[in-house]
2 protein chains.
Amino acid sequence: MISKYKTVADSIENDIQSGVYNDVDKLPTEDDLISTFQVSRNTIRKAIEILVKKGLVFSIQGSGLFVRRSSCEGCVNLENFHGLTAIFKDNVSSKVIDFQQIPANEWVASKLNCSVGTPIYYIERVRYLNKKPYVYEYSYYNKEIIPYLSKELIAGSIYHYIQEDLRLQIGYVDRIIFADKLTSKQAIALDLNEGDPALVTHNLAMLKSGVVFDYSIDIHHYKETKFLKLANFF
Amino acid sequence: MISKYKTVADSIENDIQSGVYNDVDKLPTEDDLISTFQVSRNTIRKAIEILVKKGLVFSIQGSGLFVRRSSCEGCVNLENFHGLTAIFKDNVSSKVIDFQQIPANEWVASKLNCSVGTPIYYIERVRYLNKKPYVYEYSYYNKEIIPYLSKELIAGSIYHYIQEDLRLQIGYVDRIIFADKLTSKQAIALDLNEGDPALVTHNLAMLKSGVVFDYSIDIHHYKETKFLKLANFF
DNA sequence: TCGCATTTGTACGTATGTATC
DNA sequence: GGATACATACGTACAAATGCG
């Protein structure tokens with residue numbers, strides 16, 4: 001089931017990315033888009049809303065809809081962050097440091113909102129972007145939600161596997177972002193020095209039903225990682 | 001001009017914050033809210049949408065609307081970040097390190113999207129939360145947009161002044177987030193050591209018309225600052 | 001300065017689809 | 001399977017901001 005407004009949003013986004021509006025920065029009016037796509041005004045407005053949320057466009061009442069140019073080279077846009085491979089594709093590779101099945105202890109259980117003893121996949125891996133170390137990652141997956149993971153699967157994109165193969169719908173991700181010092185093990189893996197800065201995120205991922213399936217800690221290479229957050233006031 | 005959906009959103013948010021739904025976590029259905037607030041379904045849905053964007057609630061088709069509990073103590077929610085004082089109120093204080101009016105050089109002009117030589121307010125200040133150093137801040141304001149700033153004003157909340165006194169509508173903020181090492185001057189001001197980590201943001205603030213009025217660099221105390229990013233997939 | 005056309009924003013109504021319970 | 005509840009999609013009318021003559 002694919003909705004009209006998503007189709008329209010994708011189509012407009014595609015036009016923006018391929019440079020259709022590069023000269024003018026101004027998109028067609030809502031009425032124009034209505035006749036182009038042959039849908040109602042609400043549907044057009046809902047599509048535009050998605051693009052606004054993604055930080056691709058902004059609108060001015062009485063004036064029009066404009067391209068929002070703010071991309072920062074190599075930045076990760078927090079608004080549509082669906083995992084590393086979704087953005088960087090084939091440039092991402094991974095090295096698995098540790099992979100085992102463990103029972104949830106108190107701490108993991110509190111994070112994953114499950115009972116102590118629940119079977120958990122624990123994964124520790126280093127991920128590379130263009131062969132350069134990018135992030136050191138510790139993940140805990142609830143096996144009751146994600147019943148099977150293998151060393152081959154986790155060498156690639158776990159999120160892709162969850163969405164495309166398991167057909168589960170990811171709904172929400174809570175992400176806490178801060179800076180910290182690298183431990184010696186992390187420093188070696190990232191080709192930095194112990195005590196150097198790290199951009200750290202703690203991530204809690206939920207399905208659309210609100211069920212928590214993943215808790216992970218990402219230790220980012222501070223020279224390689226920049227996040228982009230495009231905020232709209234209202 | 002205050003819209004109905006914002007009024008409804010504020011009212012529901014208020015109820016959530018004051019713990020009305022603490023027992024159940026489940027909010028009234030759309031139909032209930034329609035009869036409570038005596039507005040149309042679209043208006044209710046638009047209000048809910050705001051709360052979803054703020055990360056306060058999430059909805060499950062066929063089931064209902066639920067409170068999203070994910071607040072992290074002392075975290076700054078990137079979704080509704082309108083400046084430090086807006087969140088922490090009277091617990092914020094500032095020390096002005098430098099304040100002067102300068103003509104824009106090439107670099108500033110490129111950031112503020114103005115011509116070289118445009119009068120600029122340059123401000124350097126340390127901001128404290130509960131008397132503890134929180135962030136070292138460098139700001140550049142376009143004087144053509146913000147015509148007057150004084151040492152007294154910048155000791156408080158500049159954003160509050162812009163919105164309440166100048167009656168300008170802030171529209172968008174682009175924020176680049178990364179980690180870096182502290183310089184010795186920053187370290188002294190933040191009561192840390194040179195080379196310690198810092199959570200850094202580069203911020204570009206625009207009015208609703210898209211006009212850039214502020215570029216600032218925030219060097220956050222890495223032990224005190226945590227950002228919270230609540231993402232919704234769609 | 002004023003007025004009008006254009007364009008987006010708000011608000012209402014209705015019908016139908018789809019997921020949950 | 002039926003009732004409930006949210007999601008999508010169509011329509012209309014008027015308000016508010018912008019831009020041009």
Side-chain angles (χ1 to χ4, degrees), chain A residues 1-12 21 24-53 57-68 167-172 206-211 232-234, chain B residues 1-12 21 24-53 57-68 167-172 206-211 232-234:
Chain A
M1 170 221 56
I2 182 95
S3 47
K4 284 194 188 183
Y5 70 90
K6 276 183 194 158
T7 313
V8 173
D10 285 345
S11 173
I12 299 175
Y21 308 115
V24 282
D25 269 11
K26 187 175 189 313
L27 279 75
T29 65
E30 289 182 359
D31 282 340
D32 288 342
L33 293 170
I34 288 168
S35 36
T36 303
F37 290 101
Q38 290 294 308
V39 294
S40 72
R41 179 147 184 245
N42 280 341
T43 303
I44 288 294
R45 286 182 62 79
K46 204 150 183 210
I48 291 173
E49 202 179 274
I50 291 181
L51 302 177
V52 170
K53 215 181 318 187
V57 302
F58 67 97
S59 55
I60 299 176
Q61 184 177 160
S63 182
L65 185 65
F66 303 87
V67 178
R68 184 170 175 187
R167 309 301 292 175
L168 294 174
Q169 287 193 290
I170 297 172
Y172 313 93
M206 288 150 281
L207 301 178
K208 278 187 84 172
S209 57
V211 173
N232 307 302
F233 285 50
F234 47 98
Chain B
M1 170 223 55
I2 181 95
S3 47
K4 286 194 189 181
Y5 71 90
K6 276 184 194 157
T7 313
V8 173
D10 285 346
S11 172
I12 299 175
Y21 307 114
V24 282
D25 271 10
K26 187 175 188 314
L27 279 75
T29 65
E30 289 182 359
D31 283 340
D32 289 342
L33 293 170
I34 288 169
S35 36
T36 303
F37 291 101
Q38 290 293 307
V39 294
S40 73
R41 188 172 150 80
N42 281 341
T43 303
I44 289 293
R45 285 183 62 79
K46 206 152 182 205
I48 291 173
E49 200 178 274
I50 290 181
L51 302 176
V52 170
K53 216 181 317 188
V57 302
F58 67 98
S59 58
I60 300 176
Q61 184 177 157
S63 180
L65 187 65
F66 304 87
V67 179
R68 183 169 175 185
R167 311 298 295 173
L168 294 174
Q169 287 194 291
I170 298 172
Y172 313 92
M206 288 151 280
L207 301 177
K208 278 186 84 172
S209 56
V211 174
N232 307 302
F233 284 50
F234 47 96

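For the numbers below, each heavy atom of this structure counts, side chains included, while hydrogens, waters and symmetry mates do not. Not measured: the values here are computed from a predicted model.
In this structure, CG of Asp31(A) is placed 16 Å from P of dA5(C), rounded to the nearest angstrom. Taking atom NZ on Lys6(A) and atom C1' on dA9(D), their separation rounds to 14 Å, with Å as the unit. Rounding to whole angstrom units, CZ of residue Phe37(B) and C1' of dC12(C) are separated by 18 Å. Here the P atom of nucleotide dA19(C) and the CD atom of Gln61(B) are 6 Å apart, to the nearest Å. Here the C1' atom of nucleotide dG9(C) and the NZ atom of Lys46(A) are 17 Å apart, to the nearest Å. In this structure, Ile48(B) atom CD1 and dA5(D) atom P are separated by 13 Å, rounded to whole Å. Atom CG in Asn42(A) sits about 14 Å away from atom P in dC12(C), given to the nearest Å. Rounded to an integer number of Å, the gap from CG of Leu207(B) to C1' of dT18(D) is 16 Å.
Minimum atom distance to the side chain of Leu65(A) is reached by dT8(C), of the listed dT8(C), dC10(D), dC12(C). Distance from the side chain of Ile60(B) is smallest to dT20(C) among dA9(D), dT20(C), dA7(D).
Remark: side-chain polar atoms of Ser63(B) are not paired, donor with acceptor, to backbone N or O of Ile60(B) under 3.5 angstrom. Using a distance-only test at 3.5 Å, with no hydrogens or angles considered, a donor-acceptor pair links the side chain of Thr36(A) to the main chain of Asp32(A).
For Lys4(A), a side-chain nitrogen or oxygen approaches OP1 or OP2 of dC10(D) to under 4.0 Å. For dG9(C), one of the phosphate oxygens OP1 or OP2 lies less than 4.0 angstrom from a side-chain nitrogen or oxygen of Arg45(A). The phosphate of dT4(D) has neither OP1 nor OP2 within less than 4.0 Å of any side-chain N or O from Ser63(B). Distances shorter than 4.0 Å separate none of the side-chain N or O atoms of Tyr5(B) from OP1 or OP2 on dA11(C). Regarding contacts with the backbone of dT7(C), every side-chain N or O of Lys26(A) stays at 4.0 angstrom or more from both OP1 and OP2. Side-chain nitrogen and oxygen atoms of Ser3(B) include none within less than 4.0 Å of the OP1 or OP2 phosphate oxygen of dG9(C). Side-chain N/O atoms of Arg41(B) include none lying less than 4.0 angstrom from OP1 or OP2 on dT14(C).
Residue Arg41(A) holds its CZ atom at 15.5 Å from NZ of Lys46(A), rounded to the nearest 0.5 Å.
The side-chain heavy atoms of Phe66(B) and Leu27(B), taken from C-beta on, include no pair separated by under 4.5 Å.
Note on Thr43(B): only backbone sugar-phosphate atoms sit closer than 4.0 angstrom, heavy atoms only; bases stay farther off.
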Exercise. Decide yes or no on side-chain contact (heavy atoms from CB on, under 4.5 Å) for Glu49(A) and Glu49(B), but give the supporting numbers first.
Key: CA-CA 11 Å; Glu49(A) 202 179 274; Glu49(B) 200 178 274; 3.5 Å; yes
